[in-house]
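The chain is numbered in sequence order, starting from 1. Here the structure is a predicted model, which means the values were calculated and not measured.
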Amino acid sequence: MSVALALAATLIAAPSPAEPLTAAELAETLGQGWWCTRNVALRGCSSIARYDFERGEIEECGGSDIAWIPNALARGTAGNLQTVAELRPLLESLNDKAEAEGYTTVKTCQTRAFRVEGEALCTTSWAIKGKPRMWLTRSGRWGDPDDHTVTPTDAERYWWFWPRMFAEEAGLSPDQGLKTDAEYCRRHTLRADGTLSQVYRVEGTVQAFVLTPLDRLEDGVIVPAFLI
């Protein structure tokens with residue numbers, strides 16, 4: 001039975017769609033296979049993720065618009081940001097590669113810890129376990145042989161660059177960006193079609209997404225979640 005059909009089969013025992021899934025129900029549903037996270041504006045997945053409730057870990061891959069790289073370079077020049085100056089050779093190299101070969105998206109995969117608090121699944125924004133993996137991609141497809149693979153060292157430098165730059169722009173020490181990581185707690189409800197509704201609050205704004213089960217990992221085409 002596919003993941004989607006298996007989830008649909010749980011509807012008889014499922015709570016009302018208005019009621020968030022309990023911790024046990026989260027493990028029974030979200031803990032099955034890979035999920036595509038999307039909102040109404042996306043034709044692909046802003047991320048694909050797999051939740052391991054025994055280990056308390058999320059394996060997640062997401063994408064961002066390549067335009068964030070020249071944007072960071074411009075912000076670094078305008079604000080005389082040391083964090084951008086330190087990483088400028090890498091950022092310029094990635095930008096040149098993207099412009100020359102038509103890459104449109106930065107794709108990263110990482111593992112992060114999560115915890116279940118009541119009916120909410122809570123995880124951090126930046127903190128991850130181990131090292132991230134990174135590619136430049138045109139298609140966003142999983143395992144696309146035409147993707148450009150970024151070295152593990154450069155992938156790690158790129159990942160941690162962003163919270164450091166944001167901290168410097170806020171007038172803080174760049175290292176503060178690594179210490180003041182936000183935590184988001186998401187609540188999920190089961191929809192009639194076997195998908196999940198995911199809702200959480202970020203800086204006073206409610207974010208809502210739909211999680212769709214993937215029968216095949218290669219169906220999880222990643223599109224940029226954050227556009228310039």
Problem set entry | Qualifying ring-ring contact (aromatic ring centres under 6.0 Å, His included) pairs with a residue from residues 100-121, counting only residues at least two apart or across chains | Phe53-Phe114
Problem set entry | Backbone N/O of Leu30 and side chain of Trp35: donor-acceptor pair under 3.5 Å | yes
Problem set entry | Side-chain donor or acceptor of Thr137 paired with backbone N/O of Asp147 under 3.5 Å | no
For this session: Could you tell me whether the side chain of Leu196 reaches within less than 4.5 Å of the side chain of Leu190, counting heavy atoms only?
Result: yes
Enumerate, atom names and distances included, each donor-acceptor pair closer than 3.5 Å involving a side-chain atom of residues 86-94, sequence neighbours excluded.
residue, atom, partner, partner atom, Å
Arg88, NH2, Leu73, O, 3.3
Arg88, NH2, Thr77, OG1, 3.0

Exercise. Do Trp126 and Trp160 have their ring centres less than 6.0 Å from each other?
Worked result: no
For this session: Would you check if Thr105 and Trp135 make a side-chain contact, meaning some heavy-atom pair closer than 4.5 Å?
Result: no
Exercise. Parallel, tilted or perpendicular for Trp162 and Phe166, by the 30°/60° rule?
Worked result: tilted
Exercise. Looking at side-chain heavy atoms only, is the closest gap between Leu211 and Thr195 below 4.5 Å?
Worked result: no
For this session: Check whether the side chains of Ser173 and Asp175 place a donor and an acceptor atom closer than 3.5 Å, and report yes or no.
Result: no
For this session: For Glu57, check salt bridge (charged side-chain N to carboxylate O under 4.0 Å, His left out) against everything at least two apart and list the hits.
Result: Arg55, Lys129
Problem set entry | All pairs passing disulfide (SG to SG under 2.5 Å) where residues 128-157 contributes a residue, at least two apart | none
For this session: Please list, chain by chain and in numerical order, all residues satisfying salt bridge (charged side-chain N to carboxylate O under 4.0 Å, His left out) with Glu54, sequence neighbours excluded.
Result: none
Exercise. For Leu81, does its backbone N or O pair with a side-chain atom of Glu168 as donor and acceptor, under 3.5 Å?
Worked result: no
Exercise. Can you pull the disulfide (SG to SG under 2.5 Å) pairs that have at least one residue in residues 94-136, sequence neighbours excluded?
Worked result: Cys61-Cys109, Cys122-Cys185
Exercise. For the side chain to side chain contact (heavy atoms under 4.5 Å, CB included) test, which of Asp215, Ile48, Thr212 pairs with Trp34?
Worked result: Ile48
For this session: For Glu99, check side-chain hydrogen bond (donor to acceptor under 3.5 Å, both in side chains) against everything at least two apart and list the hits.
Result: none
For this session: Flag the pair Asp65 / Asn71 as yes when at least one side-chain heavy-atom distance between them is below 4.5 Å, and no otherwise.
Result: no
For this session: With sequence neighbours left out, write down each residue that passes salt bridge (charged side-chain N to carboxylate O under 4.0 Å, His left out) with Arg141, or none if nothing qualifies.
Result: Asp144
Problem set entry | N/O donor-acceptor pair under 3.5 Å between Arg186 side chain and Thr123 backbone | no
Exercise. With sequence neighbours left out, what residues match Glu156 under salt bridge (charged side-chain N to carboxylate O under 4.0 Å, His left out)?
Worked result: Lys131
Problem set entry | Val210 side chain near Arg191 side chain, heavy-atom distance below 4.5 Å | yes
Exercise. Which residues satisfy the side-chain hydrogen bond (donor to acceptor under 3.5 Å, both in side chains) test with Arg138, sequence neighbours excluded?
Worked result: none
For this session: Under the side-chain hydrogen bond (donor to acceptor under 3.5 Å, both in side chains) rule, collect the residues that match up with Glu183, sequence neighbours excluded.
Result: Arg115
Exercise. Which other residues end up in the same hydrophobic cluster as Val199, if Ile, Leu, Val, Met, Phe, Trp and Tyr are linked when side-chain heavy atoms come under 4.5 Å apart?
Worked result: Val206
